[in-house]
Number of protein chains: 2
Amino acid sequence: MERHIDAESRGRPEDAGLAGVPEAALTSLLDPAELRAWRAFLTRHARVARRLEGDLIARSNLPLAEYDVLFQLALAEGRRLRMNELADRVLLSRAGMTRLVDRLAADGLVSRAKCASDARGYFAVLTAGGLARLEAARPGHIAAVRRFFLDSYTAPELETLAEFLERSQPLD
Amino acid sequence: MERHIDAESRGRPEDAGLAGVPEAALTSLLDPAELRAWRAFLTRHARVARRLEGDLIARSNLPLAEYDVLFQLALAEGRRLRMNELADRVLLSRAGMTRLVDRLAADGLVSRAKCASDARGYFAVLTAGGLARLEAARPGHIAAVRRFFLDSYTAPELETLAEFLERSQPLD
DNA sequence: CTATAGTAATTGCCTGAGCAATTATCTGCA
DNA sequence: TGCAGATAATTGCTCAGGCAATTACTATAG
C-alpha cells in the first residue's frame, strides 16, 4: 500500500520539549490511582491471556476458547449444554459458539444432540475423545495458570482478589 | 454446512443424573478458591471489555484499540511514538499496529513521520484532528470506565487492586 | 571494510469472532 | 384456533489481528 509521509523527525523523541511543558497536557479526568488500577487490569489480562494461549497451543494444540468449552461441558450435568448456555458461560456470542462447536465437532471432541423438549434447540455433548483431550491438556494448563497468575498471590490475597473481581456491575 | 447429529436428548439437562453422582467428576487440580479467583478475573475482564467497547463505538465510533493508540500518543513526548514502542504500550503485535495505524492514518487521526536517526524507523504522530477526536471521546469513555469498573471500589481498595495486578510475572 | 547477525516495519495469508439477517420453532393472546 | 411477537441456532458478510516471510537498514566481529 502507498503511504503518505508528512515530515521528518529529527533525533530521538526524548530530545523534544525538555525545556518545559511539552504540549498542553490532557486535562486529567481520572486521578492517578484510578488510572493506575485501570491500566493494570487491562495490562495484566492482556499479558496473562497471551502467554496462556501460547502455552496451551504449544502444549496441547488447543486454543483457550476451545479448552474452555470442553471444560464447561465436562462440569455440566450430563456433559452437555445448550448452545445458548454454553455461549453465556464462555462469554462468546452465539454465532461464535456455533462455529466453535463446529470446529470441535469436526475434531470429534464434541457432538450435537437435538433437544427433545424444544425442537429449536441443540446440546453440545462432550465425547470420550473430548474428555480425554481435556484431561491431557489440563495439568499443563493449570500449571501455566499458576505460573502466570495464581502464584503471585497468597491464599488470603486470592480471596480478596476474587471478591473484588466478582463485584457486580450495573446492568443497564 | 451439513451437520451430523448423534442422538436425541430427552428432557431438560437438570433431569439427568439427579439420583447421585452424575459422571466421574474431574479430579480437582485447583482448589475452589484458586478456581474462583481465576474465573472471576477472566469473566470480569471479558464483561468489562465488551461493554466498554460497545459504549465507545456507539458514542464515538472508535474501537478501544484505536482509542488506546490515540491516548498513548497524546501522552507521549512530541505526541509521537515509534511503531515498536506503540505496539508494546498498547499490547498489540507489530503487524497489528502497522494496520491499526494504517486505519487511523486513513481517517486523518495520525500521520507517519520518518525517523531521522534510524532510516528503518517511523513515528506515528497524533494529528490535530486525532487529538480533537480523542478529547471528544474521552469524557464519555472515562465515565464508562467508572461505571463498569472503578465505581465498584473504594479508594483504598483501588490501591490494593492496582498493587495486586501490577505484580510481575516470570519472564521465561 | 566486509560479512554476518540483528532489528524496524511491512506484507501475505489465515483464522476467529461479531453483527445483522434468516429459518425454524415456541408462546401468549385474541 | 390462529396470528403476532419472542427465542434458538445458524449463516453471510466483514474485519481485526496473529504468525511467518520479506525488505530495508543497522551494528558488530574479524
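In the text below, chain A, chain B and the rest are named by the order of the sequence lines, each starting its count at 1.
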note: B:E53, atom CD; C:dG18, atom P; distance rounded to Å ~ 11 Å
In whole angstroms, the gap separating P of D:dG18 from CG of A:L56 amounts to 17 Å
Would B:E135 and B:R138 pass as an ion pair if we require N to O under 4.0 Å? yes
B:R103 CZ to C:dT10 C1', in whole Å, measures 15 Å
Item to complete: Return no unless some side-chain N or O of B:R112 is found under 4.0 Å from OP1 or OP2 of C:dT10.
Response: yes
Rounded to whole Å, the CD-C1' distance (B:E85 to C:dA9) equals 15 Å
Practice task
Under 4.0 Å between any heavy atoms, over every strand shown, what does A:R99 touch: base, sugar-phosphate, or nothing? Just pick one.
Solution key: base
Between NZ of B:K114 and C1' of C:dA8 the distance, given in whole Å, is 13 Å
Which word best sums up how the rings of A:F149 and A:Y153 line up, parallel for under 30°, tilted for 30 to 60°, or perpendicular for over 60°? perpendicular
So CD of A:E166 and CG of A:L161: to nearest 0.5 Å the spacing works out to 9.5 Å
Side-chain contact check for B:D102: nearest option of D:dA9, C:dA9, C:dT11 is C:dT11
When rounded to whole Å, the CZ to P distance for the pair A:R50 and C:dG16 reads 17 Å
Salt-bridged, B:R147 to B:D55, with N to O below 4.0 Å?
yes
Looking only at the side chains, is there a donor atom on one of B:S152 and B:R44 sitting less than 3.5 Å from an acceptor on the other? yes
Between CD1 of B:I57 and P of C:dC19 the distance, given in whole Å, is 9 Å
Salt-bridge test for A:D68 and B:R39: reply yes if a basic N is under 4.0 Å from a carboxylate O, no otherwise. yes
Here the residues of residues 86-96 of chain B within 4.0 Å heavy-atom distance, strictly under, of DNA chain C are B:R94, B:A95
Whether each nucleotide of nucleotides 21-29 of chain C has a protein heavy atom under 4.0 Å at its base (B), only at its sugar-phosphate (S) or at neither (-) is summarised, 5' to 3', as ---BBS---
| query | Are the charged groups of A:E157 and B:R167 less than 4.0 angstrom apart, N to O? | reply | yes
- Are any of the side-chain nitrogens in A:D102 or A:R112 under 4.0 Å away from the carboxylate oxygens of its partner? yes
Examine C:dA9: is either OP1 or OP2 under 4.0 Å from a nitrogen or oxygen in the side chain of B:N84? Give yes or no. yes
dist B:R47:CZ -> B:L42:CG (nearest 0.5 Å) comes out at 11.5 Å
Rounded to whole Å, the CG-P distance (A:L100 to C:dT15) equals 15 Å
